[in-house]
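Remarks on the structure that follows.
Since the model is a prediction, treat every value here as computed from it, not as a measurement.
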Amino acid sequence: MLCFENDYSEGAHEAVLKRLLETNMEQLPGYGTDRYSESAKEKIRSVCGCPDADIYFLSGGTQTNQTVISSVLDTHEGVIAAQTGHIATHEAGAIEWTGHKVLMLPQKEGKISPGDLAEYLASFYSDENYGHMVFPGMVYISHPTEYGTLYTVKELSELSSVCREYRIPLYLDGARLGYALAARGTDVTLRDVAKYCDVFYIGGTKVGALCGEAVVFPGADTPAHFMTKIKQRGALLAKGRLIGVQFDALFTDDLYLTIGRNAIETADALKEVFREKGYEFYINSPTNQIFVVLENDRMERLKEEVIFSFWERKDETHTVVRFATSWATNMEDVEKLAALL
């Protein structure tokens with residue numbers, strides 16, 4: 001079977017595994033206080049251009065979103081997100097489970113617009129009864145979005161300006177950030193993310209690591225007792241070295257960006273195959289997620305030889321599906337899929 005289901009089907013990049021093996025028998029302190037975790041943090045601070053940033057390593061994406069959002073918000077606050085945002089759709093109510101409402105905004109190609117955000121916040125505070133309502137306490141975006149689309153520097157800057165006007169933090173989910181940074185034509189760098197976002201995370205699980213995410217507070221303004229809150233939510237590993245060593249490897253010699261480019265190159269090749277064969281695209285994604293409309297009968301036949309993801313029903317006879325490439329996808333598999341199509 002060919003697998004284009006997601007970008008975390010494989011284990012980890014060989015350079016990451018090699019580093020884990022090399023350090024395996026060293027006796028190191030726990031909970032991310034080891035020297036490899038510290039080295040990884042310094043490398044991340046350098047590439048982000050924020051030497052004073054606070055950085056924490058957490059076990060996975062959902063744990064990270066839940067921990068960051070619930071730690072930043074006060075008890076009467078909710079988090080603003082696009083209707084299609086990951087926390088609003090695919091995290092099993094992890095945010096609501098902590099007692100915080102997800103306040104949904106309309107989306108266009110997976111993104112929220114600065115104008116819609118400003119209008120929402122102005123409308124909230126113009127309501128004389130807002131004291132009885134869930135306060136908007138944070139804005140959540142992801143880059144790439146659930147549809148593989150990207151924000152521009154201009155959009156990040158404008159979202160940040162709105163957030164700062166209302167004194168609420170902008171949080172960026174970077175589960176697939178490596179693919180966003182490697183996408184052709186993007187003008188967003190890690191330094192831009194650090195400049196315009198109050199907190200963000202760099203995804204490892206989907207970009208070459210076995211597991212783990214790196215949370216960055218660029219302004220060194222981490223919520224009080226954040227490490228304890230990470231532990232409360234089951235996101236702190238006793239063997240914190242496991243994540244630290246991996247990020248130390250990923251941020252050595254630009255490996256994180258290099259392997260991200262492979263996903264973009266193979267995705268571009270696969271898009272060209274779909275285009276040449278006349279398939280309909282549901283949305284134009286510049287990253288590693290490709291959304292295609294398939295006739296249901298064709299989809300069922302293709303499932304016999306290829307693993308891909310259901311996305312949504314388009315109508316009674318057509319379905320939107322997702323093909324995802326990754327740091328590990330090879331051109332041979334793209335060619336095999338092309339033959340099947």
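- Looking only at atom types and distance, the side chain of S160 has a donor-acceptor partner in the side chain of R164 under 3.5 Å away.
- In terms of hydrophobic clustering, with Ile, Leu, Val, Met, Phe, Trp and Tyr side chains grouped at heavy-atom distances under 4.5 Å, W311 and I87 are assigned to different clusters.
- More than 12 heavy-atom neighbours from other residues, nucleotides or ligands sit within 6.0 angstrom of CD on E22.
- Residues P286 and A183 come closest through the heavy atom pair O-CB, 3.7 Å.
- For T325 and N288, the side-chain atoms include no donor-acceptor pair closer than 3.5 Å.
- Annotation: E42, atom CD; neighbour count of heavy atoms from other residues, nucleotides and ligands within 6.0 Å is above 12.
- Closest of all the heavy-atom pairs between L210 and Q246 is N-OE1, 2.5 Å.
- Transitive grouping of hydrophobic side chains (ILVMFWY, heavy atoms separated by less than 4.5 Å) brings F308 and L337 into a common cluster.
- In the hydrophobic cluster analysis, where Ile, Leu, Val, Met, Phe, Trp and Tyr join through side-chain heavy atoms closer than 4.5 angstrom, L172 is grouped apart from V79.
- Proximity of a side-chain donor or acceptor of D315 to a complementary backbone N or O of H318 within less than 3.5 Å is detected.
- Environment of CE in M331: crowded, with over 12 heavy atoms of neighbouring residues, nucleotides or ligands closer than 6.0 Å.
- Formation of a donor-acceptor pair under 3.5 Å by the R241 side chain with backbone atoms of E26 is found in this model.
- Between the side chains of K43 and T252, at least one donor N or O sits under 3.5 Å from an acceptor N or O.
- Shortest non-hydrogen contact noted between E146 and H90 is OE1-ND1, 3.3 Å.
- Across V72, D74, L103, a single residue satisfies side-chain contact (heavy atoms from CB on, under 4.5 Å) together with M138, and that is V72.
- Ring planes of H143 and Y151: tilted class, angle from 30 to 60°.
- In the model, N65 has no side-chain atom that pairs as donor or acceptor with a side-chain atom of T62 under 3.5 Å.
- Within a 6.0 Å sphere centred on CD of E312, heavy atoms belonging to other residues, nucleotides or ligands number more than 12.
- The main-chain N or O of A220 is never found under 3.5 Å from a side-chain atom of D52 such that the two would form a donor-acceptor pair.
- T329 places a side-chain N or O within donor-acceptor distance of the main-chain N or O of S326, the cut-off being under 3.5 Å.
- The pair K336-E332 does not count as a salt bridge, with every side-chain nitrogen at least 4.0 angstrom from each carboxylate oxygen.
- Side-chain polar atoms of D173 and Y201 form a donor-acceptor pair below 3.5 angstrom.
- Partner of Y256 under the ring-ring contact (aromatic ring centres under 6.0 Å, His included) criterion, chosen from Y179, F251, F247: F251.
- By the 30° and 60° cut-offs, the orientation of the rings of F274 relative to F281 is perpendicular.
- For the residue pair S71/R233, the side-chain donor-acceptor check at 3.5 Å is not satisfied.
- Between F124 and Y130, the angle of the ring planes lies from 30° to 60°, which puts this pair in the tilted group.
- Note on K195 versus D192: no salt bridge recorded, every NZ/NE/NH1/NH2 to OD/OE distance being 4.0 Å or above.
- A salt bridge is absent between R35 and E38: the closest approach of a Lys/Arg side-chain nitrogen to an acidic carboxylate oxygen does not fall below 4.0 angstrom.
- Heavy-atom neighbours of R167 CZ from other residues, nucleotides or ligands within 6.0 Å: at or below the threshold of 12.
- For the pair K41 (side chain) and Y56 (backbone), a donor-acceptor distance under 3.5 Å is absent.
- When each of I259, L257, D253 is tested with L255 by the rule side-chain contact (heavy atoms from CB on, under 4.5 Å), just one qualifies, namely I259.
- Of the N and O atoms on the side chains of T145 and T149, at least one donor lies less than 3.5 Å from an acceptor on the other residue.
- Between the side chains of Y147 and Q107, no donor-acceptor pair is found at a separation under 3.5 Å.
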